[in-house]
Amino acid sequence: MRKYFSGVIILALLTMLVSACGGTTDNSASSSDGSQTSSEQPKDGGSLIIGVAADPVILNPNYAGDRVSLTIDQALYAPLFQVNNGKKTFYLADSLEPSADNLTYTLKLKSGLTWHDGEKLTADDVVFTIDKILDEKQNSMLRGNFIIGGKPIKAVKVDDTTVEFKLPQVSPAFEATLVQVTPIPKHIFENEADIEKSPKNNTPVGSGPFKFKEYKTGEYVTLERFDNYFGGKPHLDSITYRISKDANASNLALQNGEINVKYVDPQDVATIEANGNFEMKNYSEGRLSYLIFNQKSDTGLMAKKEVREALSYALNREELIQVAYTSADYADPAKSFETPDGLYHDNNVTTYDNDVTKAKELLQSSGAAGMKLRFMVSGGNKAQEAISLYVQQKLKEVGVNVEIQSMDASAYSNKFTDPNAADYEMTVGGYIMGFDPDAYSILYASGSDSNYSHYSNKEVDELFAQGAGEADDAKRGEIYKKLQEKIASDAVIYPIAYTKTIVAVDKKFGGLDEAVLKPVVIFEDPSKLYQK
Amino acid sequence: MKRLIVRRLLQTVLLLFFVSIVCFILVKAAPGDPVRSFVTPNMHAADIERIRHNLGLDKPAYIQYFIWLKECLTGNFGYSLVNHQPVLGQILDRLPATAGLMASAIALAVILAIPMGMVAGANRSRWVDKLVNMIAYIGISLPLFWLAILLVYFFSIQMHWLPSMGMRTIGKSSALDVIKHGILPCSVLAIGFLTVYVRYIRSSTISQLKEDYVQIQYAFGSTKRNILFRHVMKHVMLPVITLLGMSMGDLVAGAIVTETVFSWPGIGSLGMTAVRGMDYPVIMGITLFSSVLLILGNLLADILYGIVDPRIKTTR
């Protein structure tokens, strides 16, 4: 009997061992850099292989939250519209107009739209999609965005190509909410009790430039050209998303030509560039990487503005970028909490630039000299570990002892999001919040579940509330400028950088600028890509 | 023999029950929360609670266990918490890839290990033995993922002989294509198994050669080769059978590292993803599935023992 048990125990231990290496997911989408026109004439035909790091979780835009599903959905389902640097590009929609009182938005769809199976795409599908997002039984993660002040946004069909959205109160951020919506087909899902569990998600019917062909679990997802795409017939015959979980192995596959497009880490750029077959594209991710001061910490010190200022004075942003991202090419120095792609972004705010003497003085006067500080990092995350070691060394110079607490990724994310965690002072964070600054209120408004630094300031709360309901663009801009300055001068966080994504693209392929490189999903409109 | 099998099968059911409890406790005790995998900062605490409730994760752990057990007995092993597809279907989807890879790797390892181990054992301390030992020790101390990357670098990137990843060329489905993709992962795994098998077979050969029957054969004038492959080999097979029985679990659990490096769409990589997402129905499904095979493999080994070595039948 003994040998069976030992086998069983080994299995059990294996489960435990593997449970120790957790992971976190990326959230939200937003917009990116500008575009140029190229001189080459696009050709039809050819197929593109994009390397992805995991299986898609679910190919249904109402539920997709992981990077891979979002990337595939971008080609499979057309969005209503997209926003890049404040400029709207319409896809399924033709126009979106607010009423005079800003309480109703009228969405006009293009005419003659069809789903991949030939059925008509109409206002019914849009209304159906919104209704299902709002349906509490359907578990859509987008639901919260459609509730304003405790009341839901209502979608009403006017005619086949017109939908009216009725808002419970004025909310200029509504466009940023709607940009995340991608209609799902009513005729496919209307009789499904639980859309999330529906087997119909395994053979998705979309409206984007490419339609579903086949999915081999653990291997690849292939999409093929949809000839009736409203934006014109796509150039490529097919796009395949090849699943490769090991970063080293997929870099080799890229060099071997088995993958044409892939995210690349800064430290691998030189190796892949040396191959000569790839164009390296770095573009802004619309993401801020920053240090958090946990104001709930039980030492009470982080709640003091002088202490946060002092710690900021002790650090050097340029060095920090060098340490974490290897080069300034991959990260722009950040001062504001809002990313540059956002509305009213202002990087001319108060900063506490490296000044060791001032740091020491402030620590002395606030009674925090010689303090001990716990810095939480997610073990195995190289950028976080590098940042924590740098901070430890820099703070030593001003007499602050940093104890680095490395923990497993899921334990880390539990503590990071726990509103009552008081046993650490600092950690590293990052976020992508989209283009409307109202989205940031959940990070900085008092009592919000996602206020990770546990900052509380009545003035800030009020400004966020005003900004959310202000329809006048100029006034709204003033409010958010004030907010950015207030949070910066309060040293709520230490903004490190607006990070960039690096994508390697095989030189065989063109049309990258027309397809628009976009954070998370790589290409906004893959129909424009072509093989040279 | 029949009684043995029946008794063992009954024990198996009990054992599986025990395995499922231990596994459930371990998964639940690990840090992390399945709901976290679909939480975005834009979600309010109330939304998160609602989803937790809809998934039944707000119930006490023992009730969750019984709900899972009920699902199990109805045959579908529950639904994944992450992609909401039935667990059994996901495992069965991946089973052929893993079983095919593992079976060929084990077979390759056994075929190579038997002559290598026996020749080494028969020529103890001579150069053949030293060579085999060296190979075994190098093999056992090599990290397999590193070996895998090395092989890919040489055979795919430099020589362009073999594909570096996946199980088939996109859109193609021919057996030859799958075999071509399987050569590298299969070799890596076979090296892993081989190094273990060789050392067992070698030491078993050495001890068998000291037995009386070998001396008698010598006395009758048999050649060394004859003795080795006619008589000793039969006895040497015994530890091999045990090893094979123990490998049955691997047959479905897969090799997490090798499957991940080669993007082989097997159960190992499914399990890895499940563990990352704290997707306990999938983790439990895989554990149970491989436990069943492990236990059955051992039972089979015992039965085979009885056939190869009749003495065992009477003592058990």
Side-chain angles (χ1 to χ4, degrees), chain A residues 3-4 7-8 11-12 14-16 18-25 27-28 49 54-55 57-58 63 65 136-137 139 141 143-145 196-197 199 202 216-220 222 240 242-246 248-250 252-253 255-256 258 408 410-411 413-414 417 431 433 439 442-443 449-450, chain B residues 15 19 22-23 26-27 30-33 36-38 40-45 47 50-51 54 79 82-84 90 93-94 97 149 152-153 156-157 163-168 170-171 246 249 253 256 260-266 269-273 275-276 278 283 287 290-291 294-295 298:
Chain A
K3 72 172 177 262
Y4 311 107
V8 165
L11 265 172
L14 196 73
T15 318
M16 204 159 64
V18 177
S19 345
C21 6
T24 41
T25 41
N27 308 311
S28 310
I49 303 171
D55 276 278
V57 170
I58 181 166
Y63 300 101
E136 294 201 344
K137 288 195 201 86
N139 294 347
M141 57 177 75
R143 186 174 183 274
N145 303 349
E196 199 174 17
K197 278 187 183 169
N202 298 333
K216 297 248 181 230
T217 36
E219 294 180 71
Y220 57 81
T222 298
T240 297
R242 185 128 213 198
I243 299 149
S244 168
K245 292 180 183 168
D246 184 90
N248 292 320
S250 58
L252 288 179
Q255 293 172 55
N256 206 25
E258 290 170 77
D408 132 77
S410 39
S413 91
N414 276 0
T417 50
Y431 54 63
M433 301 306 292
I442 56 169
L443 294 165
D449 300 315
S450 309
Chain B
L15 200 57
V19 169
V22 171
C23 181
L26 283 177
V27 173
D33 177 354
R36 286 269 162 249
S37 61
F38 27 80
T40 70
N42 301 329
M43 287 167 81
H44 302 287
D47 292 317
R50 186 170 43 79
I51 288 180
N54 289 356
Y79 291 88
V82 176
N83 67 12
H84 309 285
Q90 292 193 58
D93 263 359
R94 304 257 185 161
I149 293 276
V152 167
Y153 185 75
S156 307
I157 311 287
S164 73
M165 61 180 286
M167 193 171 80
R168 60 193 119 207
I170 293 159
M246 295 295 285
I256 291 173
T260 306
V261 171
F262 287 102
S263 303
W264 193 261
S269 65
L270 176 73
M272 188 71 199
T273 315
V275 166
R276 286 207 159 151
M278 296 293 293
I283 301 173
T287 312
S290 51
S291 306
L294 177 70
I295 294 167
N298 276 294

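Naming: A, B, ... by sequence-line order, numbering from 1 per chain.
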Next on the checklist: Looking only at heavy atoms and a cut-off of under 4.5 Å, which of B/Ala97, B/Gly166, B/Gly266, B/Ser156 has the most pairs with chain A?
Outcome noted: B/Ser156
Checklist entry - For A/Ser244, is it the side chain, the backbone, both or neither that has a heavy atom under 4.5 Å from a heavy atom of chain B? => result both
Next on the checklist: Using heavy-atom distances under 4.5 Å, tell me whether A/Thr217 contacts chain B through its side chain, its backbone, both, or neither.
Outcome noted: both
Item to check | Heavy-atom proximity to chain B below 4.5 Å, by part of A/Glu136 | outcome: both
Checklist entry - Between the side chain of A/Glu196 and the main-chain N/O of B/His84, is any donor-acceptor distance below 3.5 Å? => result no
Item to check | Part of B/Thr260 lying under 4.5 Å from any heavy atom of chain A | outcome: both
Checklist entry - By a 4.5 Å heavy-atom criterion (distance strictly below it), what part of A/Ala253 contacts chain B: side chain, backbone, both, or neither? => result both
Next on the checklist: Using 0.5 Å steps for rounding, measure from the CD1 atom of B/Ile170 to the CZ atom of A/Arg242.
Outcome noted: 4.5 Å
Checklist outcome for this item: Here the gap from B/Met167 atom CE to A/Lys216 atom NZ, rounded to the nearest 0.5 Å, amounts to 7.5 Å
Item to check | Part of B/Arg94 within contact of chain A (heavy atom distance under 4.5 Å) | outcome: side chain
Next on the checklist: Could you measure the distance from the CD1 atom of B/Ile149 to the CG atom of A/Asp246? Nearest 0.5 Å is fine.
Outcome noted: 5.0 Å
Checklist outcome for this item: So CG of A/Asn256 and CD1 of B/Ile157: to nearest 0.5 Å the spacing works out to 4.0 Å
Checklist entry - Between A/Lys245 and B/Ser269, which heavy-atom pair has the shortest distance, and what is it? => result NZ-O, 3.3 Å
Next on the checklist: Less than 4.5 Å to any heavy atom of chain B: does that hold for the side chain of A/Ile243, its backbone, both, or neither?
Outcome noted: backbone
